[in-house]
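Written out below as C-alpha cells is the structure these notes cover.
Indexing begins at 1, ligand by ligand and atom by atom, following the structure's order. All residue numbers refer to positions in the sequence shown, counting from 1.
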Amino acid sequence: MPRILDGVAIGAAIKQEVTEEVRALAAIGIRPGLAVVLVGSVAASEIYVRGKVQACADLGIYSELITPPETVTTEELLCLVAALNAREEIDGILIQLPLPAHVDTKALLDAVLPAKDVDGFHPVNAGRLLAGRPALAPCTPAGIIEILRRSEIPISGQHAVVVGRSDIVGKPAAMLLLHQNATVTICHSKTRDLAAITRQADILVAAIGRAGFITPEMVLPGATIIDVGMNRITDRAEFDRLFAGDAKRTATFAKRGSTLVGDVHPQAFELAGAYTPVPGGVGKLTIAMLMANTVRAAKMRRGCL
Ligand SMILES: NC(=O)c1ccc[n+]([C@@H]2O[C@H](COP(=O)([O-])OP(=O)(O)OC[C@H]3O[C@@H](n4cnc5c(N)ncnc54)[C@H](OP(=O)(O)O)[C@@H]3O)[C@@H](O)[C@H]2O)c1
C-alpha cells in the first residue's frame with residue numbers, strides 16, 4: 001500500500017512552529033504583520049483570503065485586509081502598494097490573484113518591496129532563489145519541500161521530474177529540488193514522449209492543471225508522487241473516468257455536483273511508494289507556508305536571519 005503524505009498534519013505542525021516563533025518575537029516586541037489586497041469580488045479568491053486572514057488570527061500575526069473595488073486602476077493600486085511598502089508594521093504584502101483584466105498584474109507584483117514579497121513572486125526573489133541565496137520562496141513549492149523533508153523522503157541524488165514550468169509552481173519547485181541535490185528534469189506541453197521521462201522519476205511533481213493527466217503508465221512503481229493540481233470537475237463522464245467504483249467520491253459528487261481532483265489519476269497513485277492526495281495534500285500547506293514566510297520576512301527585515 002502506498003504511503004499517504006498527509007498535508008493536513010504537516011500543515012498543522014508548521015503552523016504550530018510558526019505560532020511558537022510569533023510568541024518568541026512578541027517577547028522582544030515584534031509582531032509580524034501581513035497586508036492582504038483583495039480586488040473586487042471573485043468568490044474563490046474571497047474564500048482563499050478568508051483562510052489567510054483567519055490563519056493570521058490563529059497564529060498571532062497582525063493582518064489587514066484591503067478590498068479595493070473592481071474598478072480600481074493600476075495607478076491607484078501602485079499607490080496602495082507604495083504605502084504598504086513604507087509601513088513599518090507591515091512585513092508581508094500579498095496581492096490576491098487573479099486581478100481584473102484591466103489591471104497590470106506584473107507591474108503591481110514588481111512594485112512590492114522584495115523584502116515584503118511573501119508570495120515570492122518578485123523577480124528579485126526569483127533571482128535569489130535561482131542563485132541559492134536566502135529568499136522568500138513561493139509558498140506552494142516551499143510546501144512541497146516541507147512535505148518531502150518532514151516525511152523523510154530522500155531528495156539528494158534522486159531523479160525529480162517536475163511536469164509544469166509556471167513561475168509560481170513548476171520553475172521554483174524545480175529550483176528548490178535542485179538545491180536539495182535532486183537531479184531535476186522539467187517537462188511542459190512541448191516535451192516529447194513525456195511518459196518516457198516521467199517513468200524515470202523517483203519524485204514526480206505534477207503541476208499541470210489537468211484533471212487526472214498523469215496515468216499509471218507514466219509512473220515508476222514505488223515513486224513519490226506530489227500532486228499539486230487542483231481541478232474542480234463537474235462532468236459526469238470525466239468523473240467516471242477517474243473515480244468509477246469509488247463509493248465515497250461518488251456520494252460527494254452526487255451531493256455537490258462537483259469534486260476536487262489533482263493532476264494525477266487515482267490509479268496512478270496505486271503504483272506509488274508515497275503520494276500527496278487531493279484534497280488533503282499540497283494545498284493544505286500553502287497557507288501554512290505563507291504564515292512561515294511572513295514571519296521569515298519580519299525576521300529578515302530586522303536582520304534576525
Ligand atoms: N495546491 C496549491 O496550493 C496550488 C497552488 C498553485 C497552483 N495549484 C494548481 O497546480 C496546477 C498548476 O498550476 P500553475 O499555476 O502552475 O498552472 P499553469 O500556469 O497553467 O502551468 C501549467 C503548466 O503545465 C504544463 N502543461 C500543460 N499541459 C501539458 C501537457 N499536456 N503536458 C505537459 N505539460 C503540460 C504547461 O506547459 P507550457 O508551459 O508549455 O504551457 C505549464 O507549464 C493547477 O491545477 C493549479 O490549480 C495548486
> Just which atoms of ligand 1 are under 4.0 Å from any heavy atom in Phe213?
Replying inline: 30 (C), 31 (N), 32 (N)

>> Are there over 12 heavy-atom neighbours, none belonging to Arg241, within less than 6.0 Å of that residue's CZ?
In response: yes

> Does even one non-hydrogen atom of Asn231 get within less than 4.0 Å of ligand 1?
Replying inline: yes

>> Ignoring hydrogens, what is the shortest heavy-atom contact between Phe269 and Thr276? Give both atom names and the distance.
In response: CZ-O, 3.8 Å

>> Among all the protein's non-hydrogen atoms, which is closest to atom 15 (O) of ligand 1, and how far away is it?
In response: Ile168 CD1, 3.6 Å

>> Checking contacts here: is it the side chain or the backbone of Ile208 that comes within 4.0 Å of ligand 1, counting heavy atoms only? Could be both or neither.
In response: both

> Is it true that Ala207 lies under 4.0 Å from ligand 1, counting heavy atoms only?
Replying inline: yes

> When you measure from atom 47 (O) of ligand 1 to every protein heavy atom, which one gives the shortest distance, and what is it?
Replying inline: Met230 O, 3.4 Å

> Which residue supplies the protein heavy atom nearest to atom 14 (P) of ligand 1, what is that atom called, and how far is it?
Replying inline: Ser166 OG, 3.7 Å

> Is a donor on one side and an acceptor on the other found under 3.5 Å between the side chain of Asn85 and the backbone of Val112?
Replying inline: no

>> If I apply the N/O under 3.5 Å rule, does Lys190 come out as touching ligand 1?
In response: no

>> Using a 6.0 Å cut-off, check whether atom OH of Tyr62 has over 12 heavy atoms from anything other than its own residue.
In response: yes

